[in-house]
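Reading through the structure tokens given below for one structure.
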Amino acid sequence: MAFIYSEPSHTFGEYLIIPGYSSSQCIPANVSLRTPVVKFRKGEESAINMNIPMVSAIMQSVSGEKMAIALAKEGGISFIYGSQTVEDEAAMVARVKAYKAGYVTSDSNLSPQMTLRDVLALKEKTGHSTMAVTEDGTTGTKLVGLVTSRDYRVSRMAPDTKVGTFMTPFDKLITAPAETTLKEANDIIWDHKLNSLPIVDKEGKLLYFVFRKDYESHKENSNELLDAQKRYVVGAGINTRDYAERVPALVNAGADVLCIDSSEGFSEWQKLTIEWIRAKYGDAVKVGAGNVVDKEGFRFLAECGADFVKVGIGGGSICITREQKGIGRGQATALIEVCAERDKYFEETGIYVPVCSDGGIVQDYHITLALAMGADFVMLGRYFSRFDESPTNKLMLNGSYVKEYWGEGSNRARNWQRYDMGGDKKLSFEEGVDSYVPYAGSLKSNVGNTLAKVRSTMCNCGSLSIPEFREKAKLTLVSSTSIIEGGFHDVILKESRSGRAE
């Protein structure tokens with residue numbers, strides 16, 4: 001007969017954290033949420049660290065380029081979804097890497113012969129208000145002028161007015177030579193009160209722009225996650241079928257870290273994928289693997305060479321894998337076992353393989369519980385899908401705004417590669433649903449609120465870092481009655497004029 005665990009598996013909602021002694025230094029402002037993303041040897045630093053322990057899920061309804069940029073600004077990483085063509089995914093990654101590089105290649109270009117109508121169309125397409133005017137309207141040719149929103153008034157100009165008649169001409173522009181450093185460029189911008197500074201070569205050809213807003217954005221987002229070239233860090237999902245084509249394209253596009261997107265990772269398919277990456281790139285390309293729910297699964301992927309291991313099967317809000325196949329495990333129990341094995345593996349080998357908890361997060365405090373149980377970071381789908389930056393539509397449903405949210409195993413996504421077991425190239429049955437989630441506004445405000453709770457709880461336990469919190473935290477299982485007691489009870493809620501509880 002089958003092996004049967006003597007203890008039931010548990011979810012995050014069945015645990016609470018016991019507070020410990022906290023000194024006067026334990027205030028949220030002093031808490032660091034910095035955490036490693038990829039494996040490293042004892043005494044060394046991880047090649048990639050995040051400033052917050054949050055990544056967005058590899059899902060069509062979650063992780064597009066807007067999400068990647070917004071999350072990197074806050075210090076986390078978005079994994080661009082892989083259930084699209086290789087070319088489209090690589091293009092998304094490339095756009096994220098180009099969004100903020102200090103030196104920005106112009107992708108909004110005009111020629112003097114184009115019209116105000118073309119300006120307005122380009123602005124609507126790209127969202128950019130600063131546009132280079134070059135000899136032939138392409139990047140890398142001679143700069144002849146600049147158009148910003150201050151150069152035209154739609155109400156007073158005909159749509160067919162030529163760009164050359166209202167642009168700011170080159171001889172009135174302040175530019176800088178190719179050898180200008182980023183610091184020098186920012187100094188020029190501030191000294192001359194500019195919004196942008198064109199960088200040109202000796203022949204006057206446009207090379208880059210440096211924007212004032214990028215400097216200000218960095219000051220406003222002190223946690224933003226940048227690579228060595230001051231570009232946003234971004235991840236990307238891959239599968240175990242077309243990796244030989246997809247991985248090189250993503251690497252060339254600038255992806256900082258990859259992750260095999262699979263519903264179940266304890267398989268030779270993932271081993272073969274990692275082996276191929278190591279044979280072609282060595283350790284230069286970072287790749288996470290998963291998902292697993294026990295120590296054997298972790299040990300297998302760690303020995304295969306995974307840079308991090310993802311934990312969780314069937315715990316996502318749109319996932320019906322457990323319902324359809326009876327496969328999975330309570331997220332808390334799975335995470336605790338895998339993290340214990342991670343620590344054992346570290347003691348044996350001196351190699352620390354970070355663990356990502358994927359799924360099962362319903363309340364904000366579940367993130368804190370995951371960190372206490374050993375997770376280095378959490379992957380979130382539903383959480384991020386609610387925000388302006390997710391790639392889905394915002395709709396009005398029964399008087400309230402919602403956003404669409406669907407699973408990769410749903411008929412809508414049809415991501416058969418994620419559930420592939422070597423058979424036909426199709427999704428035989430659904431393992432995810434198509435749904436709505438309540439619209440929640442911007443990512444920045446919500447992530448800030450969530451992490452304020454995490455920092456506050458860590459302070460209650462006398463901890464100023466995630467490793468310290470992991471050592472000091474004490475967890476207790478709670479009864480069903482205790483769970484009820486934890487919410488409001490025995491009171492009549494007041495109702496605000498909007499109908500929402502206050």
Side-chain angles (χ1 to χ4, degrees), residues 64-66 69-70 73 91-92 94-178 180 182 184-220 232 388-389 391 393-394 442 444:
E65 59 200 85
K66 286 181 65 178
I69 291 165
K73 285 182 178 179
M92 274 194 180
R95 287 194 293 269
V96 174
K97 299 305 289 187
Y99 181 82
K100 183 186 189 314
Y103 300 99
V104 179
T105 301
S106 176
D107 62 355
S108 297
N109 304 295
L110 304 160
S111 71
Q113 290 73 39
M114 296 175 80
T115 65
L116 176 59
R117 184 181 290 106
D118 296 316
V119 171
L120 298 178
L122 188 58
K123 182 178 181 180
E124 184 176 355
K125 178 183 177 181
T126 65
H128 299 160
S129 57
T130 298
M131 304 176 191
V133 185
T134 62
E135 283 182 322
D136 60 2
T138 64
T139 304
T141 56
K142 190 172 182 180
L143 182 67
V144 297
L146 205 63
V147 170
T148 71
S149 56
R150 292 178 296 185
D151 292 313
Y152 58 88
R153 293 188 66 177
V154 177
S155 61
R156 296 189 179 184
M157 295 170 61
D160 57 357
T161 305
K162 298 291 185 181
V163 167
T165 65
F166 62 86
M167 70 181 186
T168 302
F170 182 82
D171 58 6
K172 292 186 178 180
L173 295 176
I174 295 174
T175 62
T180 304
L182 191 57
E184 291 169 342
N186 282 316
D187 287 342
I188 294 170
I189 287 172
W190 283 97
D191 290 344
H192 295 275
K193 299 180 180 179
L194 305 174
N195 287 323
S196 63
L197 177 68
I199 307 294
V200 298
D201 65 13
K202 293 179 180 179
E203 298 175 354
K205 294 179 180 179
L206 177 63
L207 300 176
Y208 309 104
F209 276 110
V210 176
F211 291 97
R212 173 190 287 264
K213 65 179 177 63
D214 285 345
Y215 177 83
E216 293 174 342
S217 174
H218 176 65
K219 295 303 179 184
E220 292 172 4
Y232 284 132
D388 290 318
E389 293 82 1
N393 296 318
K394 183 174 77 171
S442 72
K444 186 177 182 66

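Small disclaimer: the values here were computed from a predicted structure and weren't measured.
- Within 6.0 Å of NZ on K394 lie more than 12 heavy atoms contributed by other residues, nucleotides or ligands.
- The minimum heavy-atom distance linking A176 with T180 is given by the pair CB-OG1, 3.4 Å.
- With values rounded to the nearest 0.5 angstrom, K205 atom NZ is found 8.5 Å from E135 atom CD.
- Heavy-atom minimum distance, T175 versus F170: CG2-CE1, 4.0 Å.
- Using a 4.5 Å cut-off on side-chain heavy atoms (C-beta onward), V119 and M157 make no contact.
- Residues K202 and P177 fail the side-chain proximity criterion, which asks for heavy atoms closer than 4.5 Å.
- The nearest pair of heavy atoms linking Y232 to K97 is O-NZ, 2.8 Å.
- Between the NZ atom in K162 and the CG atom in L116 there is a gap of 12.0 Å [rounded to 0.5 Å].
- D118 places none of its side-chain heavy atoms less than 4.5 Å from the side chain of V163.
- With sequence neighbours left out, P159 forms a side-chain contact (heavy atoms from CB on, under 4.5 Å) with R117.
- Contact detail for K123 and Y152: the closest heavy-atom pair is CD-OH, 3.8 Å.
- In this structure, F209 CZ and L143 CG are separated by 6.5 Å, a value rounded to the nearest 0.5 Å.
- Rounding to the nearest 0.5 angstrom, the gap separating the CZ atom in R156 from the OG1 atom in T161 is 14.0 Å.
- For S108, the side chain to side chain donor-acceptor pair (under 3.5 Å) partners are T126, H128, not counting sequence neighbours.
- By the side chain to side chain donor-acceptor pair (under 3.5 Å) test, S111 pairs with no residue at all, sequence neighbours left out.
- Here the CG-CG distance, from D136 to L110, works out to 11.5 Å after rounding to the nearest 0.5 Å.
- Taking all atoms of both residues into account, the shortest heavy-atom contact from H192 to I174 is ND1-CD1, 3.3 Å.
- Side chain to side chain, N109 and T134 fail the donor-acceptor criterion of an N or O pair below 3.5 Å.
- Using a 4.5 Å heavy-atom threshold, the side chains of S129 and N195 count as separate.
- Taking a 6.0 Å sphere around OH of Y208, one finds it holds 12 or fewer heavy atoms contributed by other residues, nucleotides or ligands.
- Between T139 and S106, the shortest heavy-atom distance links the atoms OG1-O, 2.8 Å.
- I189 places a side-chain heavy atom less than 4.5 Å from the side chain of V210.
- For the side-chain contact (heavy atoms from CB on, under 4.5 Å) with M167, the lone residue among L173, T148, V144 that qualifies is V144.
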